[in-house]
Amino acid sequence: MVRVRFAPSPTGYLHLGNARTALFNYVYARHTGGKLVLRIEDTDKERSKKEYEEMLIDDLKWLGIEWDEGPDVGGDYGPYRQSERTDIYNQYLEKLKESGHVYKCYCTPEELEEERKKALAEGRPPRYSGKCRNLSLEEQKKLEEQGIPYVWRFRVPDGETIVFEDLIKGTVEINVNEFGDFVIIRSDGSPVYNFVVVVDDALMKITHVIRGEDHLSNTPKQILIYRALGFQEPKFAHLPIILGEDKSKLSKRHGAVSVRAFRDDGYVSEAMFNGLMLLGWHPKRDSEVISKEEIIQEFDIEDVHNAPAVFDRAKLKWLNGVYIREILDLEDLTRRAIPFFEKFGYKADFEYYKKVMEAIRDSLETLMDIGERARPFFIDNFPYDEDAKSFLEDETGYKVVQLFYEKVKQLDNITKEDFKKITKEIQKELKVKGKGLFMPIRVALTGKTSGVDIATLVEVIGKDRVLHRLERALEYFG
RNA sequence: GCCCCCGUCGUCUAGCCAGGCCUAGGACACCGGCCUUUCACGCCGGCGACACGGGUUCGAAUCCCGUCGGGGGCACCA
C-alpha cells in the first residue's frame with residue numbers, strides 16, 4: 001500500500017510550488033490506490049500560525065485535493081500536527097542518546113556564525129567543526145554549571161557516501177563530509193525538521209516521499225537518521241522546482257504566487273489543478289486540457305520531467321479560459337461567478353446571471369473579466385467612449401437609432417429574432433448596412449464600439465431598458 | 001567557495017532509459033488569414049529549439065567525456 005504525505009509548514013498562504021507538490025502527492029496516491037496524509041509541520045514556533053493552517057486546508061480543498069488522514073480528519077497514525085508530537089520525538093531522541101548517535105553541543109550561535117563565515121571566506125564548506133563532539137562528562141558538567149545552553153547534534157560518520165535512488169533524479173550520491181554534525185534538538189528542547197520529518201514519515205508508514213527539489217541535499221542527513229533509528233527508508237522523489245520569469249525560484253518577488261491570489265483573481269480550481277500538473281508532467285496525448293480523473297488514471301511519478309519549470313502565467317490564463325468557456329456546466333459556472341458579479345456591484349437574480357454568463361462566457365479568460373464584459377447587462381447610464389461618438393454624430397447613424405427606437409417601441413418584447421428582423425428592415429429603409437447599421441445601435445446601447453453580441457444583449461436586458469438607453473442616446477447626440 | 005541537480009522552439013513539453021520511425025511532434029505566446037455587425041471565441045497557416053566541443057557508432061536530441069550556462073542547497077527554517 002502506497003502512503004504519501006504532504007507536509008507544509010503553516011507560515012503563510014499556500015504557495016504555488018507547495019500546491020503543486022500537494023497535487024503530485026495526491027494524484028500519485030489516487031493513481032496507486034494508496035493514502036494521502038496531511039501533516040502540519042509547525043515546529044518553527046516563530047513562524048507558524050494557527051490561522052495559516054486553516055487557510056492552507058481551505059486552499060487545498062478548493063483545489064480539489066482530498067486527504068485520507070490529517071489534523072482535521074484524524075487517522076491511525078496521529079497526531080498530525082508536529083507540535084503535538086513532542087513526546088514521540090523525545091522518545092526517539094532517547095534512543096539516539098542510548099545508541100550514541102547524538103551528543104550535546106555547547107557552542108553559541110555567535111561562535112558558529114563566526115566559524116561559518118571563516119569557512120566560507122577560506123572556500124571550505126561551512127560545516128560544524130565537531131568541537132563538542134568528544135567532550136568528557138566532566139567538561140559537560142562544568143559548562144552546564146555555568147548555565148550554558150546546549151543543543152543535541154547528530155554524530156555524522158566520517159567520509160561515508162550516501163547513495164539513494166531518486167524516482168525522478170535517478171541515482172544520487174552525496175558524501176556526508178559535505179555537512180558536519182547537525183543539530184536535531186534546539187537549545188530550547190524543540191526538535192528540528194530533519195529529525196522530526198524522519199520520525200514522522202517512518203511512524204506514519206510513508207512509503208514514498210514526494211517533495212520539492214530544494215530538499216534533495218537534506219536527504220542524506222535524513223537517511224542517516226533512518227539508519228540510526230533502524231527505520232526502513234522510504235523511496236524518494238524530488239520534484240524540480242518552479243521558477244519565475246527570471247529563472248530564479250518562484251517567490252513573492254514574482255507577483256501573485258499564492259493559490260488564494262489566483263482564486264481571487266477569477267481562476268477556477270479545475271484550471272489550477274490542470275495547469276499546475278502541467279509544470280513538470282505531461283499527458284501522453286497532444287491535448288493538454290485534461291480532467292482530474294484522467295490525470296489520476298494516467299499519472300506516474302517516474303514520468304515527471306526532471307528540469308526546473310518556469311511558471312507560465314499566460315498559459316494558465318488560457319487554460320482557465322478553456323474551462324470557463326468550454327468545460328464547466330453553465331449552472332455551476334454561474335454559481336461561481338456570483339461573487340464576481342457582486343464584487344463589481346452587478347446585482348440581479350440567479351436566472352439573470354445565468355443568461356449573462358451564457359452570453360459572455362466565450363469572451364472570458366478569468367471570472368474577473370466579468371467586470372468588463374458583463375457591464376452592458378447592468379449599467380444603463382454609461383459614458384460614451386470618445387472613439388465611439390462619431391457613429392452617432394453622423395447623420396445617418398443618428399437616423400438609424402431613431403428608427404430603431406420607433407420600431408422597438410411598437411413591440412411587446414424584444415427577442416434576438418425581433419432584433420434581426422428590425423435591423424433588416426432598417427437596412428432596406430435607410431439603405432445602410434454593416435458597421436453603418438450596427439455600430440450606431442451598439443454605441444447607443446453600450447457606449448462602446450466593441451463588446452457582446454447586440455442581439456443577445458437586447459433580448460436579455462429587455463424592451464424597457466433598451467428604450468431607456470436609446471432615448472438617452474438620442475437626447476445626448478440630438 | 002564547496003556539494004548536488006538540470007540544460008529540446010520565448011515559455012510548458014513529447015522524444016532520451018531500450019541510438020535509425022525526428023528534414024524533432026504538441027501546447028501557450030507572437031505574427032498573418034478566414035469567420036463575423038464590433039471585441040472576443042473558433043478555424044487555418046506561419047515563425048521558432050536538440051547549449052557548445054570532442055568521442056563511440058554505418059548512424060546520436062538520444063550513449064560517454066569535457067566546457068559553458070542555469071538552478072538548488074550548504075541554519076538552533078521547513
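What you see is a predicted model; the values in this text were computed from it and never measured. Only heavy atoms go into these numbers, but all of them, side chains included; no hydrogens, no water, no symmetry mates. Quick note on labels: first sequence line is chain A, next is B, and so on, each numbered from 1.
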Under a 3.5 Å cut-off for both distances, is [N] Watson-Crick or wobble paired, and to whom?
N	result
B:C68	B:G7
B:G42	B:C34
B:C74	B:G1
B:C63	B:G55
B:C17	none
B:C47	none

Exercise for review: Decide yes or no for A:E213 and A:L239: does some side-chain heavy atom of the first lie under 4.5 Å from some side-chain heavy atom of the second?
Suggested key: no
Below 4.0 Å: OP1/OP2 of [N] and any side-chain N or O of [X]:
X	N	value
A:K317	B:A29	no
A:H305	B:A14	yes
A:N175	B:C2	no
A:R325	B:G42	yes
A:K249	B:G73	yes

Do [X] side-chain and [N] base share a donor-acceptor contact under 3.5 Å?
X	N	result
A:S217	B:C3	no
A:E288	B:G26	yes
A:R373	B:C39	yes
A:K169	B:C5	no

Practice item. Mind checking A:L278 for me? I need base, sugar-phosphate or nothing, with any heavy atom below 4.0 Å counting as a touch. Key: sugar-phosphate
Review point. Which part of the nucleic acid, if any, lies within reach of A:D453 when heavy atoms closer than 4.0 Å are counted: base, sugar-phosphate only, or nothing?
Key: base
Gap in Å between the two [atom1] atoms, one belonging to [N] and one to [M], rounded:
N	M	atom1	result
B:G53	B:C17	C1'	25 Å
B:C64	B:C16	P	15 Å
B:C6	B:G26	C1'	23 Å

Check ion pair [X]-[Y] (N to O, under 4.0 angstrom):
X	Y	answer
A:R336	A:E270	yes
A:K448	A:D387	no
A:R253	A:D246	yes

Exercise for review: Mark this stacking check for A:W318 against B:C28 as yes or no, applying ring centres under 5.5 Å and ring planes under 30°.
Suggested key: no
**Study point:** Nearest heavy-atom neighbours spanning A:L14 and A:L60
**Key:** CD2-CD2, 3.8 Å
